[in-house]
K.L.:
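Shown below is the structure under consideration.
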Amino acid sequence: MKIAVIGGGLAGLCAAWLLSPRHQVTLLERHARPGFVASSVALGDGADALRVDVPLRVFYPGYYPTLVRLYQALGVATEPVSYATTLTDADGRAYFRWRNLRLGSLSLPYLLPQDLLTRRARRIAGAALAFGRLARQAAARGELAGQTLGEFVAQHRLAPEFVDGLLLPTWATIATCTLQDARAYPAEVVAGYLVSGVARQSVRRAVQGADDVAARLLAGIGRVECGADVQALRAEPDGSALRVQRADGSAERFDHVVLATQAHQALALWQDARPDEAAALGAFRHCALEVLMHRDAAFMPRARRDWSAVNARVGPGLDRPETTIWINAVQPALRHAAPLFQTVHAQREPGPGLLIARARFERPLVDAASQRALLALQRQRAEPGRRVWLCGSYAEAGVPLLESAVRSAYGVAAALQSTA
Ligand SMILES: Cc1cc2nc3c(=O)[nH]c(=O)nc-3n(C[C@H](O)[C@H](O)[C@H](O)COP(=O)(O)OP(=O)(O)OC[C@H]3O[C@@H](n4cnc5c(N)ncnc54)[C@H](O)[C@@H]3O)c2cc1C
């Protein structure tokens with residue numbers, strides 16, 4: 001069959017790679033490079049140049065079985081990275097931190113006695129342990145369905161120092177959303193992520209970064225067209241095929257189309273979606289965000305001894321944490337290089353001459369409405385005679401991460417295959 005995959009994020013790359021051995025596949029991506037690597041940055045020149053992922057993307061095996069399966073199939077090497085974290089007030093003073101001990105495949109968070117000197121830190125640590133226990137028990141008993149994270153912590157009267165000082169900022173960092181959106185996250189989804197072993201297994205990254213993953217996928221895809229901005233998708237009047245129209249006016253017919261864009265982009269492209277299909281896509285909200293790559297150490301905790309791999313600045317007046325990743329601490333090849341940082345939701349610009357790159361992203365949000373829409377998408381995917389397939393991190397259960405992007409691609413490829 002002749003199949004178009006629109007969107008070269010990880011979901012689209014993976015779907016195109018899975019379908020290419022048996023079909024005539026064309027991947028269409030509007031950026032000059034596949035979206036998964038469109039914002040990577042090259043540091044240095046010539047043979048010494050080192051590519052750094054923007055944004056940095058990590059995973060841990062317990063929550064990412066499908067990504068692990070893909071990386072194994074592709075031969076992508078991965079390495080453990082630190083997830084030690086420091087939380088600071090708006091002025092950069094640390095109020096809580098955890099360190100990260102890595103022993104082989106085991107990886108544990110731990111605190112030193114000096115991390116517990118303040119009452120605030122002790123309250124946070126005590127409530128964190130209680131939260132872990134309560135979330136595991138409630139998840140095992142199936143009691144979290146229909147409850148938001150905010151409702152769960154209120155029901156269990158967890159200390160505000162923990163809720164506002166650790167839980168919500170950490171979740172808002174993982175999901176790159178506002179603190180309010182973190183509160184509205186389904187408790188079941190948050191617990192699913194936290195109880196899958198994140199506190200025991202090493203967080204990992206692809207050793208050669210996203211570029212290496214993309215290159216391995218691209219090598220197996222029939223035809224790839226970057227700079228191809230798709231404007232519209234609709235069925236031919238006789239229903240025999242789909243017509244994909246680009247912004248440059250050209251059009252092409254395909255037997256099937258995999259829409260591997262964000263939900264709202266898919267909705268804008270898909271001109272003859274049925275009302276129930278449009279309603280399901282329209283239920284996914286997303287947040288826009290910016291990542292800065294820079295060398296400005298003023299984004300880090302004030303005291304150098306408080307620096308961690310991940311540093312989240314939280315404070316009154318901030319609707320979300322400003323999170324700075326210390327890239328030297330997570331990318332071993334850069335351990336001895338000049339300080340390099342990535343900041344999400346920067347509250348100010350880096351100092352003169354210290355900004356290296358700026359990239360914008362969109363990320364789906366998970367809430368009660370998106371959970372309902374997910375069920376509708378799954379029902380629609382199972383209908384016979386489909387030609388349009390929705391694929392992306394938003395289209396699978398769980399936190400929209402690399403895992404759900406890849407799981408969605410495997411699901412669409414299997415469903416599309418069964419129609420052949
Ligand atoms: C700051 C940040 C940090 C993150 N960190 C992690 C992490 O550590 N671990 C993790 O697992 N996940 C992380 N994620 C999430 C993860 O990156 C995403 O879940 C995943 O990459 C989404 O892939 P996708 O293919 O579903 O969507 P996208 O990557 O958004 O892909 C959609 C593609 O469609 C293309 N497109 C859109 N419209 C058109 C059009 N009209 N024509 C042609 N092409 C079009 C876009 O250019 C894009 O390339 C992070 C995300 C962000 C923003």
Side-chain angles (χ1 to χ4, degrees), residues 1-20 22-30 34-35 221-225 228-247 249-284 286 362 364 370 372-397 400 404-420:
M1 295 188 295
K2 199 176 165 205
I3 301 173
V5 177
I6 302 175
L10 185 60
L13 283 170
C14 182
W17 177 77
L18 288 166
L19 291 164
S20 281
R22 301 172 82 167
H23 303 285
Q24 198 186 328
V25 174
T26 303
L27 178 76
L28 299 165
E29 163 62 50
R30 68 175 174 193
I221 299 174
R223 183 175 137 215
V224 178
E225 291 194 28
D229 191 357
V230 176
Q231 203 167 42
L233 160 70
R234 67 173 69 86
E236 292 287 19
D238 63 1
S240 63
L242 295 162
R243 186 180 171 82
V244 170
Q245 191 181 329
R246 304 195 196 179
S250 62
E252 195 172 343
R253 286 165 58 103
F254 292 91
D255 298 312
H256 289 261
V257 170
V258 177
L259 272 174
T261 64
Q262 296 284 326
H264 66 102
Q265 295 164 334
L267 183 57
L269 289 178
W270 192 5
Q271 311 270 295
D272 50 7
R274 292 188 322 237
D276 62 314
E277 293 166 330
L281 279 173
F284 292 93
H286 67 279
E362 283 174 331
S370 73
R372 285 192 296 275
L374 208 51
L375 296 177
L377 287 191
Q378 281 159 3
R379 273 196 308 274
Q380 290 160 6
R381 193 169 81 186
E383 290 169 3
R386 287 207 79 75
R387 287 188 184 275
V388 178
W389 304 86
L390 299 169
C391 183
S393 63
Y394 73 90
E396 282 285 328
S404 50
V406 171
R407 200 172 345 116
S408 167
Y410 273 91
V412 164
L416 205 159
Q417 197 59 51
S418 70
T419 71

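All values derive from a computational prediction rather than experimental measurement. Start at 1 with the first residue, then count along the sequence.
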K.L.:
Mind checking side chain to side chain contact (heavy atoms under 4.5 Å, CB included) for Ala376 and listing every partner two or more places apart, or none if nothing turns up?
P.N.:
Ala280, Arg379, Gln380
K.L.:
Could you report the tightest heavy-atom contact between Tyr394 and Phe284, atom names first, then the distance?
P.N.:
O-CE2, 3.4 Å
K.L.:
To the closest 0.5 Å, what do you measure between CG (Leu242) and CZ (Arg387)?
P.N.:
6.0 Å
K.L.:
Sequence neighbours left out, what passes side chain to side chain donor-acceptor pair (under 3.5 Å) with Ser418? Give chain and number order.
P.N.:
none
K.L.:
Using only atom types and a distance under 3.5 Å, with no angle test, would you say the side chain of Thr419 pairs donor to acceptor with the backbone of Leu416?
P.N.:
yes
K.L.:
Please report the closest heavy-atom contact between Cys14 and Val406, naming both atoms and the distance.
P.N.:
SG-CG1, 4.0 Å
K.L.:
Taking only residues two or more places apart in sequence or in another chain, which ones pass salt bridge (charged side-chain N to carboxylate O under 4.0 Å, His left out) with Arg381?
P.N.:
Glu396
K.L.:
Hey, what do you get for SG (Cys391) to CG (Leu377), rounding to the nearest 0.5 Å?
P.N.:
11.5 Å
K.L.:
Distance from Ile221 atom CD1 to Leu19 atom CG, nearest 0.5 Å?
P.N.:
10.0 Å
K.L.:
Atom CZ of residue position Arg243 - does it have more than 12 heavy atoms of other residues, nucleotides or ligands inside 6.0 Å?
P.N.:
no
K.L.:
What pairs with Arg372 under side chain to side chain contact (heavy atoms under 4.5 Å, CB included), at least two apart in sequence or on another chain?
P.N.:
Ala368, Ala369
K.L.:
Got a donor-acceptor contact below 3.5 angstrom from the Ser393 side chain to the Pro400 backbone?
P.N.:
no
K.L.:
Sequence neighbours left out, what passes ring-ring contact (aromatic ring centres under 6.0 Å, His included) with His286? Give chain and number order.
P.N.:
His264
K.L.:
Applying side chain to side chain contact (heavy atoms under 4.5 Å, CB included), can you list everything that pairs with Ala283, at least two apart in sequence or on another chain?
P.N.:
Ala373
K.L.:
What residues, two or more places apart in sequence or in another chain, satisfy side chain to side chain donor-acceptor pair (under 3.5 Å) together with Asp229?
P.N.:
none
K.L.:
Which pairs of donor and acceptor atoms, one on a side chain in residues 251-261, lie under 3.5 Å apart (sequence neighbours left out)?
P.N.:
unit_1	atom_1	unit_2	atom_2	d
Glu252	OE1	Arg223	NH2	3.1
Glu252	OE2	Lys2	NZ	3.1
Glu252	OE2	Arg223	NH1	3.2
Arg253	NH1	Glu236	OE2	3.3
Arg253	NH2	Ser240	OG	3.4
Asp255	OD2	Lys2	N	2.8
His256	ND1	Trp389	NE1	3.0
Thr261	OG1	Ala266	N	3.1

K.L.:
Applying side-chain contact (heavy atoms from CB on, under 4.5 Å) to Gln265 and Arg30, what does each step give before you reach the verdict?
P.N.:
CA-CA 12 Å; Gln265 295 164 334; Arg30 68 175 174 193; 3.1 Å; yes
K.L.:
Between Val412 and Leu390, which heavy-atom pair has the shortest distance, and what is it?
P.N.:
CG2-O, 3.4 Å
K.L.:
Please identify each residue that fulfils side chain to side chain donor-acceptor pair (under 3.5 Å) with Arg386, with sequence neighbours left out.
P.N.:
Glu277, Glu383
K.L.:
Could you pull out all residues at least two apart from Asp276 that satisfy salt bridge (charged side-chain N to carboxylate O under 4.0 Å, His left out)?
P.N.:
Arg274
K.L.:
Kindly state each residue pair satisfying salt bridge (Lys or Arg N to Asp or Glu O under 4.0 Å) with at least one member in residues 410-420, sequence neighbours excluded.
P.N.:
none
K.L.:
So which heavy atom on Ala11 is nearest to which on Ala405, and how close?
P.N.:
CB-O, 3.6 Å
K.L.:
Only counting residues at least two apart or in another chain, list the ones meeting side chain to side chain donor-acceptor pair (under 3.5 Å) with Glu29.
P.N.:
His31
K.L.:
What is the minimum heavy-atom distance between Ala228 and Leu28, and which atoms define it?
P.N.:
CB-CD2, 3.9 Å
K.L.:
Just verifying a value: how many Å separate Gln231 CD and Leu269 CG, rounded to the nearest 0.5 Å?
P.N.:
9.0 Å
K.L.:
Where is the tightest heavy-atom contact between Thr26 and Glu225, given as atom of each residue plus distance?
P.N.:
CG2-OE2, 4.4 Å
